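Structure first, commentary second.
Here is the naming used below: chain letters follow the sequence lines, and residue numbers restart at 1 for every chain. Everything numeric in this text was worked out from a predicted model, so none of it was measured.
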Number of protein chains: 2
Amino acid sequence: MNGESKPVRARKPRGEYAKSKATRTAILDCALEVFAESGYRSGSLREVATRVGMSEAGLLHHFPSKVKLLEAVLDHRDERSRAMVPLDSPDGAAILRGLVRLADYNASVPGVVELYCVLSAEATSVDHPAHAYFVERYALTRRTLEEAFAALAGEGKLRGGMTPRGAAIALIAMMDGLQVQWLLEDGGIDMAEELRTLFGQFVEIDWAVVDSPAT
Amino acid sequence: MNGESKPVRARKPRGEYAKSKATRTAILDCALEVFAESGYRSGSLREVATRVGMSEAGLLHHFPSKVKLLEAVLDHRDERSRAMVPLDSPDGAAILRGLVRLADYNASVPGVVELYCVLSAEATSVDHPAHAYFVERYALTRRTLEEAFAALAGEGKLRGGMTPRGAAIALIAMMDGLQVQWLLEDGGIDMAEELRTLFGQFVEIDWAVVDSPAT
DNA sequence: GTCTATATGGCGATAGAC
DNA sequence: GTCTATCGCCATATAGAC
């Protein structure tokens, strides 16, 4: 889209837009930290504002309420992790390799791990602002993985005794559970390695394949 | 200890002790509910007191601070679940059967599941009052299960590719992760059944054996 | 053992100046 | 776009009467 060679004049020629965007990003980064450390309910706007280096009122100018801020944080992070795993690929093995790759990447961003770990537990309450988000997210992930395992079963690569649905549930459970141990153990376990050995128990897969990145 | 046939006179002949104990138990039950629904940090003494049917000051007469109340709740629940799993048994298979039994029992007490799920995530923060509790609890559980799997490996019942340590980590992760899904799905998955099929993938075990209860 | 009253402080959000 | 000031509420914990 827009293949002209000459740069089009921006709609907002003033530098304020860029600055505002940078401020928003700074806020989202700090909010992620705070929600990760204390959860949504106990994390405070005051703490976020302090870390950003502005007042609470200033912060609320960019995100009109605490709930809106949470939604923005979740959206912000979703974009990044979606790019790591080819969830729409017909190749089941590629999806599994993507998940191991994601686990490896996650180990480099403990804040994000903590965020999802704490929020998914907190959001099991039906009255939590992110409850619907997590219910939908889990349902979608499980459905996608079930299809991936069904494809692998069609190729005769799923070991006896495992159903596609059971494998999908187990895989998600493992990823979540490993994160809790990893956080409590302060990185003392290797999430990606544990995932690989476990997957190897119920599916035949060649880990050496390198998938082309989705970008 | 104390084998006399005649009942010994109680140290506190008055009925107040029994009443006080009942009050303590009522408080602990309500506190478990509140901490399960909102976590420790967001759960309030006010809410606990309301559910018990007494004032905040009255509650604080029995538990002098919020932290002490949390510790009492955790201790209270630990006794019950310890009785379900023969963690000190030399029979590895019996331990695994006990864990499946525990998962089945847990499905009947969603409040307890929620409590541990929410608290274990919240307590990954080093400054959380229950941080040390959970670190120790996980270390102990992993060590115990590692020994159980090592025993099974000695009998040639551990499938190739799984180490005792890897199996222990995977097992704990699965139990934790299944609870999150179970809570979010409102009981839509069968935790015990999922555990059984997963265990079957890396260990040879006869589920039909009924272990004698520890009582 | 339980209460009311209160101290002290953090919270989310708004109003309005600059 | 950012600030100060403020509102109204909820939190934990204590003091002291009954």
Side-chain angles (χ1 to χ4, degrees), chain A residues 10-35 37-73 118-119 122 125 127-130, chain B residues 11-31 33-35 37-73 118-119 122 125 127-130:
Chain A
R11 304 236 178 95
K12 289 211 173 193
R14 286 159 263 161
E16 303 180 6
Y17 175 71
K19 191 190 169 191
S20 187
K21 192 174 155 191
T23 306
R24 269 183 65 100
T25 304
I27 293 172
L28 289 176
D29 287 342
C30 293
L32 184 141
E33 273 184 33
V34 171
F35 290 153
E37 286 170 20
S38 311
Y40 169 74
R41 288 197 262 231
S42 298
S44 74
L45 294 178
R46 187 160 304 183
E47 179 63 27
V48 176
T50 302
R51 295 196 191 189
V52 178
M54 75 192 316
S55 70
E56 294 171 65
L59 192 160
L60 285 167
H61 170 76
H62 296 273
F63 300 93
S65 77
K66 196 186 179 187
V67 169
K68 290 288 180 191
L69 176 58
L70 174 64
E71 291 169 358
V73 168
V118 172
L119 280 189
E122 205 181 26
S125 292
D127 64 329
H128 192 283
Chain B
R11 304 237 178 93
K12 289 213 172 193
R14 287 159 263 160
E16 302 181 7
Y17 176 69
K19 192 192 171 191
S20 186
K21 193 173 154 193
T23 306
R24 269 183 66 100
T25 303
I27 292 172
L28 289 176
D29 287 342
C30 293
E33 273 184 32
V34 171
F35 290 154
E37 286 170 22
S38 312
Y40 169 73
R41 287 197 263 231
S42 299
S44 74
L45 295 178
R46 186 162 304 183
E47 180 63 27
V48 176
T50 302
R51 296 197 191 189
V52 178
M54 75 192 314
S55 70
E56 295 171 62
L59 192 160
L60 285 166
H61 169 76
H62 296 275
F63 300 94
S65 78
K66 197 187 179 187
V67 170
K68 290 289 180 191
L69 177 58
L70 174 65
E71 290 169 358
V73 168
V118 172
L119 280 189
E122 205 181 25
S125 291
D127 65 330
H128 193 283

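- Atom pair A/H62:NE2 and D/dT2:C1' shows a separation of 8 Å (rounding to whole Å applied).
- Interatomic distance, CG of B/L59 versus CZ of B/R24, reported as 11.0 Å (0.5 Å rounding).
- A close approach under 4.0 Å does not occur between any side-chain nitrogen or oxygen of A/H61 and OP1 or OP2 of D/dT2.
- Between the OG atom in A/S42 and the CD atom in B/E122 there is a gap of 6.0 Å [rounded to 0.5 Å].
- Distance check: A/T23 OG1 to A/L28 CG gives 11.0 Å after rounding to the nearest 0.5 Å.
- The interatomic distance linking A/L59 (CG) with D/dC3 (P) rounds to 10 Å, in whole Å.
- In terms of modelled atom types and a separation under 3.5 Å, the side chain of A/K68 and the main chain of A/L60 share no donor-acceptor contact.
- Counting any heavy atom pair closer than 4.0 Å across all strands shown, B/S44 reaches sugar-phosphate atoms only and no base atom.
- As rounded to whole Å, 11 Å separates atom C1' of C/dG1 from atom CD1 of B/I27.
- Identified under the side-chain hydrogen bond (donor to acceptor under 3.5 Å, both in side chains) test for residues 44-55 of chain B, with sequence neighbours left out: B/E33-B/R51, B/E37-B/R51, B/R46-B/E56, B/E47-B/R51.
- Considering CZ of B/R41 and NZ of B/K66, their distance stands at 9.5 Å, rounded to 0.5 Å.
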DNA chain D in dot-bracket, Watson-Crick or G-U pairs under 3.5 Å, [ ] crossing, | other strand?
||||||||||||||||||

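- Both A/G58 and B/E47 lie near DNA chain D, and the one whose nearest nucleotide falls closer to the 5' end is A/G58.
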I would like to know whether B/E71 and B/F63 meet side chain to side chain contact (heavy atoms under 4.5 Å, CB included); could you show each step before the answer?
CA-CA 10 Å; B/E71 290 169 358; B/F63 300 94; over 6 Å; no

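- Between the CZ atom of A/R41 and the P atom of D/dA11 there is a distance of 13 Å, rounded to whole Å.
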Going through the distances and angles, do B/L45 and B/V34 end up as a side chain to side chain contact (heavy atoms under 4.5 Å, CB included)?
CA-CA 9 Å; B/L45 295 178; B/V34 171; over 6 Å; no

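- Across the protein-nucleic acid pair, A/F35 atom CZ and C/dC11 atom P stand 12 Å apart, rounded to whole Å.
- If you measure from atom NZ of A/K68 to atom P of C/dA13, you get 12 Å, rounded to the nearest angstrom.
- Listed candidates were C/dT2, D/dC3, D/dG1. Nearest to the side chain of A/S55 is D/dC3.
- Rounded to whole angstrom, the span from the NZ atom of A/K21 across to the C1' atom of D/dG1 amounts to 18 Å.
- Atom CZ of B/F35 sits about 8.0 Å away from atom CG of B/L119, to the nearest 0.5 Å.
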Could you write out each protein N or O paired with an N or O of nucleotides 13-18 of chain D at a distance under 3.5 Å?
unit_1 : atom_1 : unit_2 : atom_2 : d
D/dA13 : OP2    : B/K66  : N      : 2.9

